[in-house]
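Since the model is a prediction, treat every value here as computed from it, not as a measurement.
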Amino acid sequence: MNSLPVVRSPWRIAILVLGFAFLYAPMLILVIYSFNSSKLVTVWAGWSTQWYTALFHDSAMISAVSMSLTIATAAASMAVVVGTLAAVVMVRYGRFKGSTGFAFMLTAPLVMPDVITGLALLLLFVAMGYTLGWPGERGMFTIWLAHVTFCSAYVAVVVSARLRELDRSIEEAAMDLGATPLKVFFIITIPMIAPALVSGWLLAFTLSLDDLVIASFVAGPGSTTLPMLVFASVRLGTNPEINALATLILLVVGIIGVIAWGFMHRAEKQRAKDRQRATRM
């Protein structure tokens, strides 16, 4: 039976183009103005790469970028571990005493305003410093703890959605053959949910790198992240170096996104082939 031809409506194409233009036109303008030789954003004075050179000679900007990338990488990695364990508890262990409260507390950071979260964490760190003497001062470590706290909730949601879609017959067959639950988790479950782990890590990394409000509450005098530095710079006037930095970040994020999409697409194709083989047997 022949499939009907797809009718491409001009209105649908126009709406699609407008949607993509609304999303990506500001980014394109930002990239173009990063090569503007004028220090004024509203004045175009010709093409130049001077702001990229100035960016790499700005020690404060480089230090903030390094700190933000370090915190985001560490927070995303820890959030994947904590979020995956929480997702396994919610999905695989079913109903248990306190399960409703556990699920509520896990997903609360998703809907909690950042101001409330940041203030609550600040008061927690101050109280712990007075009573326990730890942490002695707020800085990079307290920012990392705060980011792990709210990033774990996002990772748990992504991983739990993937766990609910898995066919547990493969895991049950492995345990019937003598594999321990821990071995099944690392040998079978982890590879099957690998795309969700990658997605969760990328989401947590982006959220941590982008956070301004919570980091402003829990940061110390010597710990300035990139969003905090950019926000302070914009309040005093637009710095063309920020355009160059944003362009480089867009380039790096785009490359990472393409690579991650390639890995996930390959994993999905391999999983589809495995399912076809299983159905033919």
Requested in this report: Answer yes or no: does atom CE of Met128 have more than 12 heavy-atom neighbours from other residues, nucleotides or ligands under 6.0 Å?
Outcome: yes
Query raised in the report: Can you check whether Gly139's main-chain N or O pairs, donor with acceptor, with Thr142's side chain at less than 3.5 Å?
Result: yes
Query - Gln50 atom CD, neighbour heavy-atom count above 12 within 6.0 Å - result: yes
Query raised in the report: Just wondering, do Val155 and Val82 contact through their side chains at under 4.5 Å, heavy atoms?
Result: no
**Report entry** Any donor-acceptor pair under 3.5 Å from Thr180 side chain to Lys183 backbone
**Finding:** yes
Query raised in the report: Mind checking whether Ile214 and Asp211 have side chains closer than 4.5 Å, heavy atoms only?
Result: yes
Report task. Of all the heavy-atom pairs spanning Phe22 and Pro26, show the shortest one and how long it is. Result -> O-CD, 3.6 Å
Report summary line: Taken in chain and number order and not counting sequence neighbours, the residues that satisfy salt bridge (Lys or Arg N to Asp or Glu O under 4.0 Å) with Arg162 are Glu165
Query raised in the report: Is there a donor-acceptor contact under 3.5 Å from the side chain of Thr117 to the main chain of Asp114?
Result: no
Query raised in the report: Counting N and O atoms only, with roles assigned by atom type, does the side chain of Ser37 sit under 3.5 Å from a partner on the main chain of Ala45, one being a donor and the other an acceptor?
Result: yes
Query raised in the report: How far apart are the C-alpha atoms of Thr70 and Trp144, what are their side-chain angles, what is the distance that settles it, and do they pass the side-chain contact (heavy atoms from CB on, under 4.5 Å) test?
Result: CA-CA 9 Å; Thr70 302; Trp144 174 76; over 6 Å; no
Report task. Establish whether Phe186 and Met192 are linked, either directly or via other cluster members, by ILVMFWY side-chain heavy-atom contacts under 4.5 Å. Result -> yes
Query raised in the report: Same hydrophobic cluster for Leu245 and Ile32, using side-chain heavy-atom links shorter than 4.5 Å among ILVMFWY?
Result: yes
**Report entry** Leu69 CG to Leu209 CG distance, which is reported to the nearest 0.5 Å
**Finding:** 6.0 Å
Query raised in the report: With a 4.5 Å limit on heavy-atom distance, are the side chains of Trp201 and Val198 in contact?
Result: no
Report summary line: Here the pair of heavy atoms bringing Thr131 nearest to Ala127 is OG1-O, 2.8 Å
Query raised in the report: Can any side-chain N or O of Thr84 pair as donor or acceptor with the backbone N or O of Val80 at less than 3.5 Å?
Result: yes
Requested in this report: Report whether Trp47 and Val31 are members of the same hydrophobic cluster (ILVMFWY, side-chain heavy atoms less than 4.5 Å apart, transitive linking).
Outcome: yes
Query raised in the report: Hey, quick one: are Leu110 and Leu119 part of the same hydrophobic cluster, counting side-chain heavy atoms closer than 4.5 Å, chains of contacts allowed?
Result: yes
Query - Derivation of the side-chain contact (heavy atoms from CB on, under 4.5 Å) call for Thr225 and Leu229 - result: CA-CA 6 Å; Thr225 62; Leu229 181 64; over 6 Å; no
**Report entry** Thr247 side-chain N/O to Asn243 backbone N/O, donor-acceptor pair under 3.5 Å
**Finding:** yes
Query raised in the report: What closest approach, in Å, do Leu30 and Ala246 show between heavy atoms, and which atom pair accounts for it?
Result: CD2-CB, 3.4 Å
Query raised in the report: Side-chain contact, heavy-atom cut-off 4.5 Å: Phe35 with Trp51?
Result: no
Query raised in the report: Nearest 0.5 Å, what's the OG1-CD distance between Thr53 and Glu241?
Result: 10.0 Å
Report task. Could you tell me whether a side-chain N or O of Ser208 sits under 3.5 Å from a main-chain N or O of Ala204, the two making a donor and an acceptor? Result -> no
Query - salt bridge (Lys or Arg N to Asp or Glu O under 4.0 Å) partners for Arg168, two or more places apart - result: Glu171
Report summary line: Apart from Phe231 itself, members of its ILVMFWY cluster (side-chain separation under 4.5 Å) are Leu212, Met228
Query raised in the report: Side chains of Leu166 and Leu163: does their closest heavy-atom pair fall under 4.5 Å?
Result: yes
Query raised in the report: So, Ser160 side chain and Val157 main chain: donor-acceptor pair closer than 3.5 Å or not?
Result: yes
**Report entry** Atom pair CG (Asp210) and CZ (Phe205), whose distance is rounded to the nearest 0.5 Å
**Finding:** 11.5 Å
Query raised in the report: Is a donor on one side and an acceptor on the other found under 3.5 Å between the side chain of Ser48 and the backbone of Asn36?
Result: no
Query raised in the report: Do you know which two heavy atoms are closest between Met67 and Gly222, and how far apart they sit?
Result: CE-O, 4.2 Å
Report summary line: d(Phe217 CZ, Ile116 CD1) to nearest 0.5 Å is 8.0 Å
Query raised in the report: Side chains of Phe56 and Met61: closer than 4.5 Å at any heavy-atom pair?
Result: no
Query raised in the report: Between Phe141 and Trp134, is the gap from one ring center to the other below 6.0 Å?
Result: yes
Report task. Using the rule that two of Ile, Leu, Val, Met, Phe, Trp, Tyr join whenever any of their side-chain heavy atoms come within less than 4.5 Å, decide whether Met90 and Val111 are in one cluster. Result -> no
Requested in this report: State, with a plain yes or no, whether a side-chain heavy atom of Leu121 is found less than 4.5 Å away from one of Leu145.
Outcome: no
Query raised in the report: How many angstroms lie between atom CD1 of Ile170 and atom CE of Met175, to the nearest 0.5 angstrom?
Result: 12.0 Å
Requested in this report: Taking Ser38 for its side chain and Trp44 for its backbone only, find out whether a donor-acceptor pair lies under 3.5 Å.
Outcome: no
**Report entry** Spacing of Ser68 atom OG and Ile143 atom CD1 [to the nearest 0.5 Å]
**Finding:** 8.0 Å
Query raised in the report: Side-chain contact, heavy-atom cut-off 4.5 Å: Arg138 with Val126?
Result: yes
